[in-house]
Amino acid sequence: MRRYLVAGNWKMNMGPSAGRELAAGLQELLQGRQLRGDVLVCPPYVTIPAVGEVAKGEPVLLGAQNCSDQEKGAYTGQVSVDMLKEAGVQYVIVAHSERREYQKETDDMFVAKINRIHEAGLKAIFCFGEVLGERKDGRAEEVVRKQLEGVLPRLEFANAYNTVLAYEPVWAIGTGETASPEQAQEIHAFSRKVVVEIMGQEVADYMRILYGGSCKPGNARELIGLPDVDGGLIGGAALKAADFVGIIEGAEASQA
Ligand code: PEP
């Protein structure tokens, strides 16, 4: 019912030449394959044009890791949604835990960004997830509910297709520690229930919820095969073409 999405977040890695090379490697490994889902890479801003020259949406889609919450003008260092659209971007990641933590971004900013992304006809990947202390205190569901309720009801144009959710337990990001299949399924099912409450059953049935946090070729099939997991947001393992393709193969196998 839901096409998987495997999305690579390159973070602050890969300048234009390295990024072009990685994208070309992906294209080569994926050439001629009929995929059951979607594959996306999100390079740093400056690398987007170089990757766009190689990845023309067949099959690798182009995304960005962030965007401004403002439309245009005197916002030094920021990049607008319209600029990303012009550069060929189709998806934009919003609210990654690293931006929540290091840039202190807030729900108000996430809402403004996602509304702009949707208004421009692009898709948003909205990240959420608890930190280790919150999980240890038994508060994972409470935190996830708060993060979803702080943003989803305020979106003006959201639907099941222009909005992707990404559950990323912060304790599993870049740590090598992965949520167990039981932990992942539990929070994904819970998140979908919250989406039902906010956006209705039909939207929740079609909305993709990705898992992120040390996903790799060895665990992708099991994680992405879970009933409420519809793909992965991949950090470290997205930086090597063979690993990223291994995850895509895991996603394919999980849906075979
Ligand atoms: C991420 O930061 O979105 C992520 C999932 O990273 P990693 O795969 O490296 O844990």
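Each ligand, and each atom within it, is numbered from 1 in the order the structure gives. Everything quoted here is computed from the prediction, not taken from an experiment.
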Protein contact to atom 8 (O) of ligand 1 [nearest heavy atom, distance to 0.1 Å]: G235 N, 2.8 Å
Salt-bridge criterion met for D38 and R3 (N-O under 4.0 Å): yes
Numbered atoms of ligand 1 (with element) below 4.0 Å of I173, judged on heavy atoms: 1 (C), 2 (O), 4 (C), 6 (O), 10 (O)
Y167 and H188 aromatic ring geometry - parallel, tilted or perpendicular at 30°/60° bounds: perpendicular
Y91: hydrophobic cluster co-members (side-chain, 4.5 Å): L5, L40, L61, I93, I125, V164, L210, L233
Nearest non-hydrogen protein atom, atom 1 (C) of ligand 1: H96 NE2, 3.2 Å
Numbered atoms of ligand 1 (with element) below 4.0 Å of L233, judged on heavy atoms: 3 (O), 5 (C)
Numbering as shown, the atoms of ligand 1 that approach A172 to under 4.0 Å (heavy-atom distance): 10 (O)
Ligand 1 atoms in contact with K11 (distance to a heavy atom under 4.0 Å): 1 (C), 2 (O), 6 (O)
Salt-bridge contact E130-R139 (side-chain N to carboxylate O under 4.0 Å): no
Residue G212 vicinity, atoms of ligand 1 by number, heavy atom under 4.0 Å: 5 (C)
Numbered atoms and elements of ligand 1 in range of G213, under 4.0 angstrom, heavy atoms: 5 (C), 10 (O)
Numbered atoms and elements of ligand 1 in range of G236, under 4.0 angstrom, heavy atoms: 7 (P), 8 (O), 9 (O)
Ligand 1 atoms in contact with G174 (distance to a heavy atom under 4.0 Å): 7 (P), 9 (O), 10 (O)
